[in-house]
Amino acid sequence: MIDVPGTLSSGQVFLWRHVGVFWYVIDGQNILKVDDTGVIDATRTITDFFRCGDDIDRMHESFAQDPLLTELIHRYEGLRITNQNLFQCVISFIVSANSNIPRIRRNLQDICHRFGDKTAYDDIAFCLFPTPAVLAGTDTHHIRECGVGYRAQHIQGASAAIRDGLCDGIDRMSYKEAQGTLCEMPGVGRKVADCILLFSCGHLEAVPLDRWIIRVMHEHYGIGDGTTPHTTRQYDILHDDVRDRLGPYAGYAQQYLFKMARNNSEKPLKW
DNA sequence: CTTGGACCTGTCACC
DNA sequence: GCCTACAGGTCCAAG
């Protein structure tokens, strides 16, 4: 039903551990306990992290006219879009900018170890993700010690914005409205905003256009020229074309294509 | 509105 | 071993 390891290692989620037959996912101040059927317990609230309500059959139907996606939904059966804690998602993708996945994981783990509360669950030690107030009140010099470089200022600024209520009620905003709100934060441009809109706000029409997807859209669909857009205007134009081509489940389509692109790359994945 | 660069840090092909 | 390019982009100053 749900491909838990496949989903957790698909580049949407960075803070999780595989212990025995379970996976433990750090999701803000919450820790989710997961088995191969989905979330089975949590330290605070059991959330619908794997979006079990999504109509997968209907998504398959919407991909019926697309040979590549039709093949990919079978090859990667059970790959899901996640529904993550907003603040952690914001910081995760600010950290992801101009970086790479192994390093993103290290940076986020360091942030938890330095600034998050320590706790235990099933006799296993964990560090939670820090709150907006804690990171907002931390000097950028100390945030920088987590190896995030110039992103430290963005992390601090975005934390302060969220602490002050910028994103309150974002779940009730339209895609464009929420995008505008998110992009007010330092370090959040169109691509990072799309990650947050898709992985935390439930906007399935959001398609994060990273280097991988831009390459795939050019090579397999003839959309765009394969180079990363440099302006928000160029990004928006490309995003509209991609969304129109992939349909109402464009966010899911993006995740399948991203997985394919990474699996096809020569270098072994470092998870 | 478009173009050109800089930017922390780590890893990894090529010299 | 040493040097360069590049990594799930964003921001800022000029043209």
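Order of the sequence lines sets the chain letters (A, B, ...), proteins ahead of strands, with each chain counted from 1.
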(message) On the side chain of A:His230, is there an atom forming a donor-acceptor pair with the base of B:dG5 - under 3.5 Å, no angle test?
(response) yes

(message) Quick check on C:dA7: is either OP1 or OP2 less than 4.0 Å from any side-chain nitrogen or oxygen of A:Arg211?
(response) yes

(message) Please report the distance separating the C1' of B:dG5 from the corresponding atom of C:dA5, rounded so that it comes out in whole Å.
(response) 16 Å

(request) Give a yes/no on whether any side-chain N or O of A:Gln234 is located under 4.0 angstrom from OP1 or OP2 of B:dT3. (result) yes

(request) Whole angstrom is fine here: how far is it from CH2 in A:Trp212 over to P in C:dA7? (result) 8 Å

(request) Considering only atom C1', compute the distance from B:dT11 to C:dT10 and round it to an integer number of Å. (result) 22 Å

(message) Under a 4.0 Å threshold between the charged nitrogen and the carboxylate oxygen, would A:Asp66 count as salt-bridged to A:Arg245?
(response) yes

(message) When you measure only distances, ignoring hydrogens and angles, does the side chain of A:Tyr150 come within 3.5 Å of the base of C:dG9 through a donor and an acceptor?
(response) yes

(message) Quick check against the 3.5 Å criterion: does A:Asn100 have a side-chain atom that pairs as donor or acceptor with the backbone of A:Arg103?
(response) yes

(message) For a quick test of reading the model: is some side-chain N or O of A:Arg103 closer than 4.0 Å to OP1 or OP2 of B:dT11?
(response) no

(message) For A:Tyr249, does the six-membered ring have the charged nitrogen or CZ of A:Arg58 within the cation-pi criterion, i.e. under 6.0 angstrom from the centroid and within 45° of the normal?
(response) no

(request) Could you tell me whether the side chain of A:Arg80 reaches within less than 4.5 Å of the side chain of A:Ile56, counting heavy atoms only? (result) yes

(request) May I ask you to verify whether the side chain of A:Arg151 and the base of B:dC8 hold a donor-acceptor pair under 3.5 Å? (result) yes

(request) Taking only the side-chain nitrogens and oxygens of A:Arg106, find out if one of them lies under 4.0 Å from OP1 or OP2 of B:dC8. (result) no

